[in-house]
Each structure stands twice: as structure tokens, then as C-alpha cells.
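Below, each value reflects all heavy atoms present in this structure, side chains not excepted, and no hydrogens, waters or symmetry copies.
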Amino acid sequence: TANGSISHSEGQGYAMLLAVAADDRAGFERIWGWTRANLFVRDDQLAAWRWEPEKRPAVADMNNASDGDLLIAWALTEAAEAWGDASHKVAARRVAVEIGRKLILLKTAHGALLLPGLSGFSAEDRPDGPVLNLSYYIFPAFARLPLVAPEFDWAGLSRAGLKLIEKARFGPAKLPSDWITLTGGEPQPAQGFPAQFSYNAIRIPLYLAWAGYDQPRHHASYLAAWTGRPRK
């Protein structure tokens, strides 16, 4: 409740994943039912990113968040595999196809890029666009979404994301900032956002480890920052 009972598509996706992992089908269906009714209110197959109970309407911003959409599509994929439910596979495909069509930029100088949301991050929307959030690259989801949307190059998106993460190492700590811009050709901290490794980017090593990317080049800078912090 510390966040005012606000719900986000990301949190709903995590909850659905955990329900599948716990083999809690009833819990999964409750969470998915609420998510479908309250966040899938756009005119496409992407989820609105935030639901605020004290506002009317509760969804005041109709933009999506690609990490939330990826987590939901991945959770639905796992549910379909775990319980043999064709309806979940259909739902997973609808979301995954929409991600592929609307949120992945193809044939850029850096390979395939994942936009954080449909509005507000592209070169058309921002003078420093495209702006990316590398913590939205959910590598374990990319490994599973070919089960429902094989026509998209999820492996290529992973490869491009890995390269960006290796390049986006700023400052003495050699860590990525939460938000980066590619407008200058190489990754740089994005304008209008704090140039810091914080609440968003802390998820990058999680998703790398979760997907089995365990080479020193993937984790060395995070490990050095962690072990080098003064302990109280």
C-alpha cells in the first residue's frame, strides 16, 4: 500500500508469472481477469501502464509500458504451456504480436530496438529520440515468446539488447543510466531524466542472470559496484 494502491502492468505481469510458478491456477485467473478488465482498455492489444484507484477514470494515461506488456505476454505463454489452456495462448499471441508490430524498431544502426512505450520515446516524439530503457529488455521473456509469435526475431532483439547494455556504461562505475538516448549514435544518458543507475536499471542484471547470460562481461560492472559499496 506504500504506492497508494496503484497497480501497474508490470506488477500484474509479475504476479501472473508467480502464480504460474506456484501452480496457482485460481490465483492466476483472478489476476488475469482483473488485468484484462482494468488495464486492457486501449484500442489495441497493449495494456495501459497504470491504474490509480483514487482517480476517475482510474486509467488517466492511456500509454502502455513495454515491460508490462512483455511480462503479461510471457506469463500467458507459461500458463498456456503449464495448463494446456488454448485461450491463454491466444491472448499471449495477441499481446506479443502487438509488441512486435508497434514497439520494436527494426533495421536501426544498433539492430532491433524496443521502445519503452508507444508514445513519447521515438525520434518523432523527442529531439533526443529514440530513448530506451534497458531494464525493459526482459531477456527470459524473449526466449519464450517464439512459442506464440514465431514470426518476430526475438533472438535478434536479445542480441541487440546485450550489445547496448555492454556499450551503455557511464561514469566511474561503468553502469547504465535508467534512460538512454541513441540520438548521437552511441548510448548516452537521456535528456530530462536523472543520469543515474537506480530503480529501473537495477533490474538489468536480474534479467541477464534470469536468462542465463552469466559471462563476466555481462556482470562485472554490477558486481564491482555492489562489492565496492561501503557497508554500515
Side-chain angles (χ1 to χ4, degrees), residues 8-11 13-18 20-22 65-75 77-78 96 99 103-105 108-117 121 128 130-147 152-190 193-232:
H8 296 88
S9 57
E10 175 197 354
Y14 275 129
M16 291 164 62
L17 276 172
L18 290 170
V20 178
S66 56
D67 61 340
D69 294 317
L70 283 166
L71 288 162
I72 290 169
W74 178 24
T77 301
E78 299 298 349
I99 294 168
L103 297 170
I104 298 176
L105 302 180
T108 78
H110 297 275
L113 302 178
L114 177 69
L115 289 174
F121 301 98
D128 63 339
V131 165
L132 307 182
N133 188 316
L134 294 176
S135 75
Y136 285 29
Y137 281 67
I138 304 176
F139 296 105
F142 298 156
R144 299 292 283 170
L145 291 180
L147 292 171
F152 297 101
D153 185 11
W154 303 104
L157 186 61
S158 285
R159 289 192 297 271
L162 286 171
K163 290 179 181 178
L164 282 174
I165 289 170
E166 290 185 20
K167 290 181 178 180
R169 293 180 175 173
F170 313 127
K174 303 298 182 184
L175 294 171
S177 57
D178 288 343
W179 298 90
I180 68 167
T181 175
L182 299 177
T183 190
E186 293 299 316
Q188 296 293 330
F193 297 95
Q196 60 189 22
F197 173 87
S198 62
Y199 187 73
N200 283 267
I202 194 67
R203 296 175 294 179
I204 294 172
L206 166 66
Y207 293 141
L208 289 171
W210 200 343
Y213 296 125
D214 58 359
Q215 298 300 309
R217 70 179 189 275
H218 296 134
H219 294 281
S221 59
Y222 309 105
L223 190 60
W226 179 264
T227 56
R229 288 180 62 86
R231 303 300 175 91
K232 293 182 179 180

Phe121 and Leu132: side chain to side chain contact (heavy atoms under 4.5 Å, CB included), yes or no, with the steps? CA-CA 7 Å; Phe121 301 98; Leu132 307 182; over 6 Å; no
Closest approach of Ala201 to Pro176 (non-hydrogen atoms, all atoms of both residues): CB-O, 3.8 Å
Please check if the side chain of Ser66 supplies one atom and the backbone of Pro116 the other of a donor-acceptor pair under 3.5 Å. yes
Say you draw a straight line from CD1 of Ile138 to OG of Ser158; how long is it, rounded to the nearest 0.5 Å? 11.0 Å
Reported CZ-to-CG distance for the pair Arg217 and Leu162, which is rounded to 0.5 angstrom: 7.5 Å
Would you mind listing every salt bridge (charged side-chain N to carboxylate O under 4.0 Å, His left out) that reaches into residues 199-208, with sequence neighbours excluded? Glu10-Arg203, Asp67-Arg203
Exercise answer: donor-acceptor pairs, residues 204-214 side-chain atoms, under 3.5 Å, sequence neighbours excluded:
from: Tyr207; atom 1: OH; to: Tyr14; atom 2: OH; distance (Å): 2.3

Can you tell me if Ser198 and Asp178 form a side-chain donor-acceptor pair at under 3.5 Å? yes
To the nearest 0.5 angstrom, please state how far the CG atom of Leu114 sits from the OH atom of Tyr136. 9.5 Å
Heavy atoms only: give me the nearest Ala168-Pro187 pair and the separation to one decimal. CB-CB, 4.0 Å
Kindly compute the distance separating CD1 (Ile104) from CG (Leu113), expressed to the nearest 0.5 Å. 10.0 Å
Look up atom OG1 in Thr77 and atom CG in Leu147, then write down how far apart they are to the nearest 0.5 Å. 6.5 Å
The single option from Phe170, Tyr199, Phe197, Phe193 that satisfies ring-ring contact (aromatic ring centres under 6.0 Å, His included) with Trp179 is Phe193
Would you give the length of the straight line joining atom CZ of Arg169 to atom CG of Leu164, rounded to the nearest 0.5 angstrom? 11.5 Å
Minimal non-hydrogen separation, Leu115 against Pro130, with atom names: CD2-CB, 4.4 Å
Quick one: side-chain hydrogen bond (donor to acceptor under 3.5 Å, both in side chains) partners of Trp74, sequence neighbours excluded? Glu78
Between Lys167 and Leu182, does a side chain to side chain contact (heavy atoms under 4.5 Å, CB included) hold up when you go through it step by step? CA-CA 11 Å; Lys167 290 181 178 180; Leu182 299 177; over 6 Å; no
Shortest non-hydrogen separation from Ser9 to Gly68 and the atoms involved: OG-CA, 3.5 Å
Nearest heavy-atom pair of Pro189 and Ala195: which atoms, and what distance? CB-CB, 3.9 Å
